[in-house]
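Note sheet for the following structure.
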Protein chains: 2
Amino acid sequence: MEQTARVSESISRRPGRPLGGQLVVDREHVLDAAERVIRRDGAGSSLEAVAVEAGVTKPIVYDRVGGRADLADALAERLADRMVLATRTALAGETLSQTGLTRFIEANLRTVADHRELFLYVTGGSTEQTAIGRLSLAERSTTPLTKTLAVWRSGIQQDPGVAEAWAFGIVGMLQMVSQWWITQEGLSAAEVAGQISELLWNGLPGRT
Amino acid sequence: MEQTARVSESISRRPGRPLGGQLVVDREHVLDAAERVIRRDGAGSSLEAVAVEAGVTKPIVYDRVGGRADLADALAERLADRMVLATRTALAGETLSQTGLTRFIEANLRTVADHRELFLYVTGGSTEQTAIGRLSLAERSTTPLTKTLAVWRSGIQQDPGVAEAWAFGIVGMLQMVSQWWITQEGLSAAEVAGQISELLWNGLPGRT
DNA sequence: GCGAAAAGTTACCAGCAGTAAGTAACGGGG
DNA sequence: CCCCGTTACTTACTGCTGGTAACTTTTCGC
């Protein structure tokens, strides 16, 4: 029952309005704590554990970030941001090349590997609309990709109307491949990235 | 093979060994009940509800199918079987055509739409290894696809070593597109299938 | 100083996965 | 024929988690 509240003493853990009327533990602080606890204890971490790690109690978590679904959503946003950041250079410019695509995929895989548990936490939405909420990670990583695809398709005189469906498809492909890949042993990111890039660039029949 | 044995008064719901020493409610019966309750009450259905629908109590569910993860796994197997069945004709034969691919994708989408809540239940694995267990649905639908791809790639003198990664990628793409599609309004399955087929067959740059 | 508002905590509830222990019916051996 | 072990099932619980109501403590405006 007794939670060893290992918390830095600097944080006021007593009730009462703090000096200056400023929040001691803000939203970002809670999200940081959530990331730490998920990285340490796995994707099955509870909100209680997050609260303890943040040095506060549960209702604070609810006040700062909302319920479990909101937490997953906020973390999805963070992960998506990192994903976009890591893959940005590969998608830069108006033109798209196969090597650029390969770099994009490899960066994607590496980001997932770097945030294994967080990735599982975010993609493993508990139930109901949370499962649909998995789309939130997808949607965020999809947005810039959709834009890139639409611009590029226009540039090469092809219908840009397919961009959104394609973006979701590509993101889904990468999510599943990531999930499969992180359970495999002895398969390098570069290798897998090359294979998937080959498929996405040349299509199933390949270039003849 | 429909077990029309609806939950009726005929089922012994009392303790005690039934006549003939035979199980009154077998594994398939419980799984049928699970499907019904999920279809009716959504992907957030509890094991208790499944037990009630099956006309038994919770420990029976645990005896017949195991815990929640096992239930999701068994249902994933069923869904994957139906998916494979529905897409079989499209993948038949040694050759693969773009129209065949389109039919494959469209059948996939329609199967998901026909089992919306079940799909969400299965893909929305709760946490931890269950999330990895989402691979179980993927793996099952992937297996025949992997085989098809490997055979076909060999037939057209291309490296079949990419088959597994490709299969996972394609299945992931279809899962995400399905999830995205079932939340969209006014977008036909045929339309989406055509767009994704276009991508998978011709590749991102398209055929020139 | 003093009340109102802010910031947090304690203590709870409901629901779920999972399990231990108890109970009723059957059937074989004396 | 009766008893007892086995089988099949239920009742009743535990432990945990998400979520919330209600209370407590501190600060600040007047």
Side-chain angles (χ1 to χ4, degrees), chain A residues 1-3 5 7 9-27 29-30 33-34 37-38 41-73 121 124-130 133, chain B residues 7 9-27 29-30 33-34 37-38 41-73 121 124-130 133:
Chain A
M1 311 271 189
E2 65 274 33
Q3 315 268 14
V7 156
E9 304 308 317
S10 61
I11 293 181
S12 115
R13 295 171 48 247
R14 315 182 309 281
R17 200 179 193 182
L19 294 84
Q22 294 214 339
L23 292 175
V24 178
V25 172
D26 63 354
R27 184 183 164 92
H29 203 97
V30 174
V37 88
I38 287 169
D41 300 342
S45 302
S46 70
L47 287 184
E48 178 75 41
V50 169
V52 169
E53 174 71 24
V56 292
T57 50
K58 250 192 306 178
I60 302 299
V61 176
Y62 280 84
D63 181 64
R64 300 297 189 277
V65 307
R68 203 202 147 94
D70 302 275
L71 176 60
D73 210 61
Y121 187 92
S126 54
T127 38
E128 209 87 34
Q129 59 259 53
T130 314
Chain B
V7 184
E9 317 312 317
S10 65
I11 291 182
S12 114
R13 297 165 69 242
R14 316 183 305 282
R17 199 181 195 182
L19 295 86
Q22 293 217 337
L23 292 176
V24 179
V25 173
D26 62 354
R27 184 183 165 93
H29 203 97
V30 173
V37 86
I38 288 169
D41 300 342
S45 302
S46 70
L47 287 184
E48 179 74 42
V50 169
V52 169
E53 174 70 25
V56 292
T57 49
K58 248 192 308 179
I60 301 298
V61 176
Y62 280 84
D63 180 63
R64 300 297 189 277
V65 307
R68 202 201 149 95
D70 301 275
L71 176 60
D73 210 61
Y121 187 91
S126 55
T127 38
E128 209 89 29
Q129 60 259 52
T130 313

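We use all heavy atoms of the structure for the numbers below, so side chains are in, but hydrogens, waters and symmetry mates are not. Naming: A, B, ... by sequence-line order, numbering from 1 per chain.
Of all heavy-atom pairs between B:Val65 and B:Asp70, the closest is O-CB, 3.0 Å. In this structure, B:Val30 and B:Ala54 approach most closely via the heavy-atom pair CA-CB, 4.4 Å. For the residue pair B:Lys58 and B:Ala51, the shortest heavy atom distance occurs at N-CB, 3.7 Å. Annotation for B:Ile38 and B:Ser45: closest pair CA-OG, 3.7 Å, computed over non-hydrogen atoms.
Here the nucleotide nearest the side chain of A:Arg64, chosen from D:dT10, C:dT9, C:dG8, is C:dG8.
Atom-to-atom, CG of A:Asp41 to P of D:dT17 comes out at 11 Å; the value is rounded to the nearest Å. Rounded to whole angstrom, the span from the CG atom of B:Leu71 across to the C1' atom of C:dG18 amounts to 14 Å. Rounded to a whole Å, the CG atom of B:Asp63 is 15 Å from the C1' atom of C:dA20.
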Distances for protein N/O vs nucleotides 18-21 of chain D N/O pairs under 3.5 angstrom?
| from | atom 1 | to | atom 2 | distance (Å) |
| --- | --- | --- | --- | --- |
| D:dG18 | OP1 | A:Arg68 | NH1 | 2.8 |
| D:dG18 | OP2 | A:Leu47 | N | 2.9 |
| D:dG18 | N7 | A:Lys58 | NZ | 3.2 |
| D:dG19 | OP2 | A:Tyr62 | OH | 3.0 |
| D:dG19 | OP2 | A:Arg68 | N | 2.8 |
| D:dG19 | O5' | A:Tyr62 | OH | 3.3 |
| D:dG19 | N7 | A:Lys58 | NZ | 3.0 |
| D:dG19 | O6 | A:Lys58 | NZ | 2.6 |

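Taking the C1' atoms of five terminal pairs at each end of the helix from C:dG1-D:dC30 to C:dG30-D:dC1, the two resulting helix axes are inclined by 30°, rounded to 10°.
Side chain of B:Arg64 to backbone of B:Val25: a donor-acceptor contact under 3.5 angstrom is found.
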